[in-house]
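Here the structure is laid out as structure tokens; the discussion comes afterwards.
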Amino acid sequence: MLDIKFIKENKEIVEAAIKNKNREVNLDELLTLSEQRKTLKQEIDDLNKKRNDAARARDIEAGTQLKREADILETEFAEVDKKFIAMMAKVPNIPSIDTPIAPDESGNKVIRQWGTIPEFNFKAVEHDELGRHLGIIDTDTAGVVSGSRFAYIKGDLALLQFALIQFCLNVLTNKEKLEEIAKKANLDINVSSFVPIIPPVFIKPAVQNRMARYMTPEEHYMFPNDDLMLIGSAEHTLGPIYMDKIIEEKDLPIRMLGYSTAFRREAGSHGKDTKGIIRQHQFDKLEMEVFSIPENSMQEQDFLVAIQEYVIQQLNIPYQVLLICTGDMGFPDYRQIDIEMWMPGQSNYRETHSADLTTSFQSRRLNTRVRRADGKIEPVHMNDATLVAIGRMLVAIIENYQNEDGSVRIPEVLQPYMGGKKVIVKQ
RNA sequence: GGAUGGAUGGCUGAGUGGUCUAAAGCAACAGUCUUGAAAACUGUCACCUGGGCAACUGGGUCGUGAGUUCGAAUCUCACUCCAUCCGCCA
């Protein structure tokens with residue numbers, strides 16, 4: 001949610017943001033509602049003053065009359081307020097100055113590429129074929145037991161998942177390593193180790209709503225009997241940790257690393273990525289979440305991207321970094337940076353990471369604030385970013401590390417976490 | 001699932017219809033004293049929102065939402081969460 005004052009004072013900027021993000025909101029109507037709301041509130045306040053005076057004076061007759069008047073005004077206010085809130089929720093965050101303006105993903109800008117695209121002297125195959133051959137991915141049985149877009153991850157691939165997690169935890173809790181990463185990225189920030197968190201995977205819909213993500217119930221698994229839903233990302237339950245709280249400036253930044261399963265209905269993606277485990281209803285993910293003071297939030301995002309890149313470089317897989325354009329970026333995002341990793345089986349880069357800087361857009365709705373050193377209170381800035389979407393990372397690893405005989409080498413940095421094993425062979 | 005108790009500011013906690021404009025303590029911050037610190041003393045110290053350059057001032061907030069009343073932290077109803085016990089359970 002944006003600040004109504006900001007909207008009032010920067011109508012053109014907000015209008016452009018709505019247009020560039022392919023949304024529709026009538027700002028004039030919104031501003032009119034805001035004025036109506038304010039006027040009504042003022043009238044109610046004045047009336048309440050009189051009511052308080054009457055109550056103190058024990059003037060029962062005047063009080064009765066004033067109460068009747070107040071009831072009418074309050075009903076009117078409730079209606080206007082409801083419309084106002086609903087409309088405010090439709091206004092997206094404004095994009096950063098460096099965000100490319102374009103209607104769809106074709107406007108995303110590649111800002112850097114890393115690694116050399118591997119040349120195979122045989123025909124590289126896709127992960128589902130490799131996985132089936134090696135007996136480490138079983139979507140057929142999962143299809144029978146649970147339906148499409150589910151899989152059994154087995155044997156060495158299951159071990160590889162835990163190796164990845166362990167490797168990442170070691171990096172993100174190692175302050176010296178993180179300092180190195182920040183320094184290499186030319187970032188002037190106060191580095192601290194991330195707090196590892198295993199968050200709940202269920203969330204109350206009302207809280208999810210306050211994360212100000214523009215989402216439909218079709219995207220999530222809902223449990224109306226229990227007033228709960230499954231999260232689509234650890235971010236959903238990490239973000240509200242400081243809901244309705246004031247954080248002291250000296251305690252920022254707060255950097256968290258969540259590990260959880262993510263659940264997605266993929267309602268709108270029929271026929272897309274139906275093979276293998278690229279697009280699943282259920283996958284595990286390491287997710288970073290950072291709360292910071294406003295003036296540092298862009299650097300924090302750059303830091304998160306630098307960490308993402310470090311991990312991929314350690315795995316030695318080619319990737320490209322994209323600045324996402326207005327038409328493709330998230331509703332609450334001020335700046336979105338994605339990473340696409342090279343998938344030899346598809347001869348294509350595929351999206352594996354996303355880093356969202358939402359500035360104060362989510363925190364305003366969550367009511368998470370910072371008390372600055374000078375005592376002023378303002379919304380904190382929030383960043384969230386994928387560290388590893390494990391399913392897709394496993395895909396990238398086995399496709400990039402495949403051999404002609406269908407076996408798969410294990411990336412060097414992960415070998416210590418796999419008991420020294422170097423190759424996955426048919427099981 | 002059953003039973004009982006509870007939710008008040010950063011924390012502890014008093015408050016059972018109108019002097020609550022929420023006691024007191026702790027913590028924090030500032031000052032005095034001190035070479036410095038501690039202690040002591042003095043002061044400040046919740047949040048949202050309207051008006052005002054400001055001093056200041058109006059309204060709202062005692063888990064959430066509705067209700068009763070001229071008047072609600074206090075009474076009623078619903079909900080959420082927490083604690084303890086019983087049952088079940090990894």
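Lettering follows sequence order; numbering is per chain, from 1. The shown structure was predicted, so the numbers you read here are calculated from the model rather than taken from an experiment. As a basis for the values below, the full set of heavy atoms in this structure was taken, side chains included, without hydrogen atoms, waters or symmetry mates.
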Rounded distance (Å) that lies between atom [atom2] of [N] and atom [atom1] of [X]:
{"X": "A/Arg364", "N": "B/U49", "atom1": "CZ", "atom2": "P", "value": "10 Å"}
{"X": "A/Ile203", "N": "B/C81", "atom1": "CD1", "atom2": "P", "value": "14 Å"}
{"X": "A/Leu40", "N": "B/U49", "atom1": "CG", "atom2": "P", "value": "19 Å"}
{"X": "A/Glu35", "N": "B/G50", "atom1": "CD", "atom2": "C1'", "value": "12 Å"}
{"X": "A/Lys376", "N": "B/C47", "atom1": "NZ", "atom2": "P", "value": "14 Å"}
{"X": "A/Ile377", "N": "B/C47", "atom1": "CD1", "atom2": "P", "value": "4 Å"}
{"X": "A/Lys50", "N": "B/G60", "atom1": "NZ", "atom2": "P", "value": "14 Å"}
{"X": "A/Met243", "N": "B/C81", "atom1": "CE", "atom2": "C1'", "value": "12 Å"}

What residue pairs, at least two apart or across chains, pass salt bridge (Lys or Arg N to Asp or Glu O under 4.0 Å) with a residue in residues 251-264 of chain A? A/Arg255-A/Glu300
Mate of [N] where both pairing distances stay under 3.5 Å, Watson-Crick or G-U:
{"N": "B/G17", "result": "none"}
{"N": "B/A55", "result": "none"}
{"N": "B/U34", "result": "none"}
{"N": "B/A22", "result": "none"}
{"N": "B/A28", "result": "B/U44"}
{"N": "B/G1", "result": "B/C86"}
{"N": "B/A73", "result": "none"}

Anything under 3.5 Å between a protein N or O and an N or O of nucleotides 26-30 of chain B, put it in a table, one pair a line.
none

Considering just the side-chain nitrogens and oxygens of A/Lys38, establish if one lies under 4.0 Å of OP1 or OP2 belonging to B/G51.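 It does, given that an N or O in the side chain of A/Lys38 lies less than 4.0 Å from OP1 or OP2 of B/G51.
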Option passing salt bridge (Lys or Arg N to Asp or Glu O under 4.0 Å) with A/Glu248 (candidates A/Arg369, A/Arg371, A/Arg372): A/Arg371
Polar atoms only, N or O, under 3.5 Å: list the protein pairs with nucleotides 76-80 of chain B and their distances.
unit_1, atom_1, unit_2, atom_2, d
B/U80, O2', A/Lys204, NZ, 3.4

Would you say the side chains of A/Asp338 and A/Gln336 form a donor-acceptor pair under 3.5 Å?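 Checked: A/Asp338/A/Gln336 side chains pair up, N/O donor to acceptor below 3.5 Å.
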Is any side-chain N or O of A/Asp45 under 3.5 Å from a base N or O of B/G58, one able to act as donor and the other as acceptor? yes
Check: A/Tyr417 ring centre within less than 6.0 Å of A/Phe162 ring centre: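 A/Tyr417 vs A/Phe162: aromatic centres not under 6.0 Å.
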Ring centroids only, cut at 6.0 angstrom: are A/Phe283 and A/Phe263 within range, meaning strictly under it?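 Centroid distance A/Phe283-A/Phe263: not below 6.0 Å, so no.
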Report yes or no: does [X] contribute a side-chain atom to a donor-acceptor pair with the main-chain N or O of [Y] at less than 3.5 Å?
{"X": "A/Asn383", "Y": "A/Ser297", "value": "yes"}
{"X": "A/Arg149", "Y": "A/Asp273", "value": "yes"}
{"X": "A/His236", "Y": "A/Ile203", "value": "no"}

Can you find a pair of side-chain heavy atoms, one from A/Met87 and one from A/Asn26, that are under 4.5 Å apart?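 When only atoms from C-beta onward are counted, A/Asn26 and A/Met87 do touch, with a gap below 4.5 Å.
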Please list, pair by pair, any protein nitrogen or oxygen found under 3.5 Å from a nitrogen or oxygen in nucleotides 6-13 of chain B.
none

Residue pair A/Ile44/A/Asn367 against RNA chain B: nearer the 5' end by closest nucleotide is A/Asn367
Contacts under 3.5 Å, N or O only, protein and nucleotides 63-73 of chain B:
unit_1, atom_1, unit_2, atom_2, d
B/C70, O4', A/Ile60, O, 3.4
B/G71, OP1, A/Arg51, NH2, 2.6

Just to verify, which of A/Phe6, A/Phe331, A/Tyr334 counts as forming a ring pair (Phe, Tyr, Trp, His ring centres under 6.0 Å) with A/Phe361? A/Phe331
Under 4.0 Å between any heavy atoms, over every strand shown, what does A/Asn52 touch: base, sugar-phosphate, or nothing? Just pick one.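 Sugar-phosphate, backbone atoms only, no base.
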Could you work out the separation of B/G15 and B/C75 based on their P atoms and round it to a whole Å? 13 Å
Within the sub-3.5 Å range, which N or O atoms of nucleotides 87-90 of chain B have a protein N or O partner, and how far apart are they?
none

Take the angle between the ring planes of A/His281 and A/Tyr221 and call it parallel below 30°, perpendicular above 60°, tilted in between.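 If you compare the ring of A/His281 with that of A/Tyr221, the planes turn out perpendicular.
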